[in-house]
Structure formats: structure tokens, C-alpha cells
Amino acid sequence: MKSKAPGSATVSEIARHWALSRETTQKLLDASDVVPVKTNPRRYDWRDVWSLEGAAYVPSDEMLAFKKPFLKPAEAQAEYLSSLRPRTVSDQARKGKVPGIKLGTEWRFRERDLQCLKGSENA
């Protein structure tokens with residue numbers, strides 16, 4: 001079976017995905033030497049975006065979950081980690097106890113990872 005390509009995204013779409021400003025997103029893309037797709041210099045391949053997030057490979061059946069916007073610490077706390085304060089959520093991510101991604105100076109959380117974390121706590 002042929003793998004589906006994830007497509008590409010604009011800086012604005014990536015900014016929404018990362019829950020960061022467009023300017024910060026552009027700075028992060030520039031600093032990481034990610035190049036736009038050859039056919040459109042205003043778009044970036046999702047695989048390159050996910051690579052920046054630490055996901056070396058994303059199975060085609062999980063691409064939609066990986067395109068969902070990240071949660072900020074307060075959103076992650078409210079939805080999945082109610083026993084913690086938002087600042088503690090970031091501290092736990094820094095210590096590797098909560099799955100998170102640091103983008104610049106900000107911690108962000110993938111809903112899929114938090115669902116898995118919450119599911120393992122209930123098991």
C-alpha cells in the first residue's frame with residue numbers, strides 16, 4: 001500500500017499548530033534551516049515540521065492527529081492533568097515526566113500524547 005503524503009502548511013498554519021505567533025514560528029523555522037517546498041516557497045512540508053517536533057516518522061494513519069494544534073500548559077492542565085498547576089505541567093515536561101515539546105522558550109503538548117498518558121494512568 002502506498003503511503004499518503006502529509007502535504008504542506010503555511011507559516012500561519014504552523015503557528016496555529018504550535019500555538020505560537022507567526023513571527024516566532026518563522027524564527028524557529030529559519031533557525032532550524034527548514035526550507036520551503038520547492039513548488040511553493042510559502043509552504044513547508046509537514047514531515048519537516050514534525051521532524052522539528054521530534055517525530056522522525058509519522059504513520060499515515062496518525063497524520064491527522066499530528067496535524068492537530070498543540071495545547072498550551074494551561075490547556076493541557078485543564079483537559080488532561082487537572083491535579084497539576086499549569087506551571088507544574090511545564091516543569092514536569094522539562095523533567096521528562098510529561099510528554100511535551102519545547103518550541104523556543106515555550107512548552108507545548110500534543111493531545112494524542114496526553115491521551116495516551118491519561119490512559120496509562122487509568123490502566
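In what follows, every heavy atom counts, from backbone to side chain, and hydrogens, waters and symmetry copies are set aside.
- Note: Trp46 and His17 meet the aromatic proximity criterion, with ring centroids under 6.0 Å apart.
- Here the OG1-CD1 distance, from Thr10 to Ile14, works out to 7.0 Å after rounding to the nearest 0.5 Å.
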Item checked: Step-by-step side-chain contact (heavy atoms from CB on, under 4.5 Å) determination, Ile101 to Trp18 -> CA-CA 10 Å; Ile101 297 160; Trp18 284 347; over 6 Å; no
Note to self: Evaluate Glu106 against Leu20 for side-chain contact (heavy atoms from CB on, under 4.5 Å), listing each step before the verdict.
What the structure shows: CA-CA 9 Å; Glu106 305 288 330; Leu20 296 172; 3.9 Å; yes
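- Here the side chains of Arg87 and Pro73 are not in contact, with every heavy-atom distance at 4.5 Å or above.
- Arg108 has no carboxylate O lying under 4.0 Å from a charged side-chain N of Glu53, or vice versa, which leaves the two without a salt bridge.
- The shortest side-chain heavy-atom distance between Phe66 and Pro6 does not fall under the 4.5 Å cut-off.
- Counting only distance, with no hydrogens or angles, the side chain of Ser82 and the backbone of Ala78 share no donor-acceptor pair below 3.5 Å.
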Item checked: Verdict with reasoning, Val37 to Asp48, per side-chain contact (heavy atoms from CB on, under 4.5 Å) -> CA-CA 10 Å; Val37 294; Asp48 294 333; 6.0 Å; no
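- Dense packing is recorded around NZ of Lys67, with more than 12 heavy atoms of other residues, nucleotides or ligands lying under 6.0 Å away.
- Lys68 places none of its side-chain heavy atoms less than 4.5 Å from the side chain of Arg110.
- No side-chain heavy atom of Val89 sits under 4.5 Å from any side-chain heavy atom of Tyr80.
- Of all heavy-atom pairs spanning Phe109 and Gly100, the tightest one is CD2-CA, 3.7 Å.
- Put simply, the side chain of Gln26 reaches to within 4.5 Å of the side chain of Arg22, judged on heavy atoms.
- Here CD of Glu111 is found 11.0 Å from SG of Cys116. Values are rounded to the nearest 0.5 Å.
- Separating the NZ atom in Lys38 from the CG atom in Asp45 is a distance of 11.5 Å, to the nearest 0.5 Å.
- Within the 4.5 Å cutoff, the side chain of Tyr44 has heavy atoms near those of the Pro36 side chain.
- Residues Leu29 and Leu52 meet the side-chain proximity criterion, which asks for heavy atoms closer than 4.5 Å.
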Next item on the list: Carefully, step by step, assess Val98 and Leu114 under the rule side-chain contact (heavy atoms from CB on, under 4.5 Å).
Entry: CA-CA 8 Å; Val98 170; Leu114 296 175; 4.0 Å; yes
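- The closest side-chain heavy-atom distance from Leu81 to Thr88 is not below 4.5 Å.
- In this structure a side-chain-to-backbone donor-acceptor pair under 3.5 Å is missing from Glu79 to Ala76.
- Between the Gln77 side chain and the Leu84 main chain, a donor and an acceptor come within less than 3.5 Å of each other.
- Nearest heavy atoms, Ser32 versus Leu28: OG-O, 2.9 Å.
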